[in-house]
Participant: 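Before anything else, here's the structure in question.
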Amino acid sequence: MPELPEVEAVRLELDPYFTHYRIEDVDVRRPDLRDPFPRRFRARLAGQTVERFLRRAKYLLATLASGDTLAMHLGMSGWFHVSAPGGPARVLDKHDHVIFHMSSGALIAFNDPRRFGMMTLLTPKQLAAHPVLSTLGPEPLSDTFDAAALARACRGRKTPLKVALLDQGVVAGLGNIYAAEALHLAGLSPMRAAGTIVTAAGEPRESAYRLAAAIKDVLTRAIARQTAKSYRSARFQVYDRERERCLRPGCGGRIRRRTQGGRSTFYCPRCQK
DNA sequence: ATTGAGACCTGTCGGC
DNA sequence: TGCCGACAGGTCTCAA
């Protein structure tokens, strides 16, 4: 279930087990995930100390003493499970594909039934030139993301607003759920052309301000829920609520679902214009 | 340059 | 109970 808030929750959970610890060894239990593991993956990881453990968009990045960066993506179904030193050992699952043996004694298992996840090792040069990582848009919760940045990225685009929000080059880390939630909170239709939140002169319209604020709001609250461990029961305002009533006070519309870019979009036709 | 469709994989759920 | 299709929170590639 990984969009930005979930990946951030994973980062927070794993950080104490990765940062400043040495990867003693790695079990790689199959030749590939979405892509094959790089050559000498295990050899290049074994013995390396993790200096920093970061998130960028939906990627987790472990910076190693060697200078290489271990880049990981959870795909649709990826997750990590930690067995703390001295605690109960995890019973190996058939979808535990990679197991990090840390110098603390912790075991960190990457589990991913659908195998849409990825894991690779990048030299500093490869990291800087990475076709995806180097073209990501701004982090939505940073100061570099605001109405002006959003307007710049949407200017002149006829693609539907929802589709633009899923473009990681526009803003990094939104996925299908939070894109729908942000549009609902901002009161904007997912079908309107992305360029309509920008004036001809390139200035953000009021809708761009609302949308940028809604994105920050939705993600911030989702992260707070994640870290409070109450997210299992998380319900959304529009996502997965087809035919139910809109929860915006005073609206009372019916949530609809339609397909955009091959994915389900949920929205309220009454209050999202 | 954009955009849509299909591909990658397994699991789950609802209907019959 | 079993079978079948639809669908799933992501991304990539290819054709138009």
Participant: According to the interplanar angle, ranging from 0 to 90°, do the rings of Phe41(A) and Phe37(A) count as parallel (below 30°), tilted (30 to 60°) or perpendicular (above 60°)?
Facilitator: tilted
Participant: Could you tell me whether the side-chain ring of Phe116(A) sits stacked on the base of dC8(B), using a centroid cut-off under 5.5 Å and a plane angle under 30°?
Facilitator: yes
Participant: Which one is paired to dG11(B), where only Watson-Crick or G-U wobble pairs with both distances under 3.5 angstrom count?
Facilitator: dC7(C)
Participant: Output yes when at least one side-chain N/O atom of Lys94(A) is less than 4.0 Å from OP1 or OP2 of dT10(B), else no.
Facilitator: no
Participant: Look at the aromatic rings of Phe80(A) and Phe110(A) and report parallel, tilted or perpendicular, splitting at 30° and 60°.
Facilitator: tilted
Participant: Can you tell me how far P of dT11(C) sits from CE of Met76(A), to the nearest Å?
Facilitator: 10 Å
Participant: Using OP1 and OP2 only, check whether a side-chain N or O of Arg263(A) sits under 4.0 Å from dA5(B).
Facilitator: no
Participant: Given atom CG of Asp93(A) and atom C1' of dG11(B), what is their separation to the nearest angstrom?
Facilitator: 12 Å
Participant: Look at all strands and tell whether Tyr239(A) reaches a base, only sugar-phosphate, or nothing, counting heavy atoms closer than 4.0 Å.
Facilitator: sugar-phosphate
Participant: Output the rounded distance in Å from CZ (Arg155(A)) to C1' (dA1(B)).
Facilitator: 17 Å
Participant: Ignoring hydrogens and angles, tell me if any N or O in the side chain of Arg114(A) forms a donor-acceptor pair with the backbone of Met76(A) under 3.5 Å.
Facilitator: no
Participant: Expressed in angstrom and rounded to an integer, what is the separation of Met191(A) atom CE from dT3(B) atom C1'?
Facilitator: 17 Å
Participant: I'd like the P distance from dC14(C) over to dC9(B), given in whole Å.
Facilitator: 16 Å
Participant: Can you tell me how far C1' of dG9(C) sits from CD of Gln237(A), to the nearest Å?
Facilitator: 17 Å
Participant: How close or far is atom C1' of dT10(B) from atom CG of Asp96(A), stated in whole angstroms?
Facilitator: 15 Å
Participant: State plainly whether the residues Asp68(A) and Lys125(A) are in salt-bridge range, i.e. N to O under 4.0 Å.
Facilitator: no
Participant: Assign each of His73(A) and Phe266(A) to its nearest nucleotide of DNA chain C by heavy atoms, then name whichever residue's nucleotide is nearer the 5' end.
Facilitator: Phe266(A)
Participant: Can you check the Glu6(A) CD to dA8(C) C1' distance for me, whole Å?
Facilitator: 14 Å
Participant: State whether Glu203(A) and Arg205(A) are salt-bridged, where the test is any N-O pair (Lys NZ or Arg NE/NH1/NH2 against Asp/Glu carboxylate O) under 4.0 Å.
Facilitator: no
Participant: Does dC16(B) have a Watson-Crick or wobble mate here (both distances under 3.5 Å), and if so which one?
Facilitator: dG2(C)
Participant: Does the dA8(C) base have a donor-acceptor partner in the side chain of Arg114(A) within less than 3.5 Å?
Facilitator: yes
Participant: Can a side chain N or O of Ser77(A) be found less than 4.0 Å away from OP1 or OP2 on dG10(C)?
Facilitator: no
Participant: Look at all strands and tell whether Val163(A) reaches a base, only sugar-phosphate, or nothing, counting heavy atoms closer than 4.0 Å.
Facilitator: nothing
Participant: On DNA chain B, check which nucleotide each of His95(A) and Arg34(A) is closest to and give me the residue with the more 5' one.
Facilitator: Arg34(A)
Participant: OP1 or OP2 of dT10(B) versus the side-chain N and O atoms of Arg115(A): is any pair under 4.0 Å?
Facilitator: yes
Participant: Between dT3(B) and dG9(C), how many Å separate the two C1' atoms, rounded to a whole number?
Facilitator: 23 Å
Participant: In terms of side-chain heavy atoms of Lys58(A), which of dT3(B), dC12(C), dG10(C) is nearest?
Facilitator: dG10(C)
Participant: Less than 6.0 Å separating the ring centroids of Phe100(A) and Tyr17(A)?
Facilitator: no
Participant: Rounded to the nearest angstrom, tell me the gap between atom CZ in Arg30(A) and atom P in dT10(B).
Facilitator: 8 Å
Participant: Mind checking Gly175(A) for me? I need base, sugar-phosphate or nothing, with any heavy atom below 4.0 Å counting as a touch.
Facilitator: sugar-phosphate
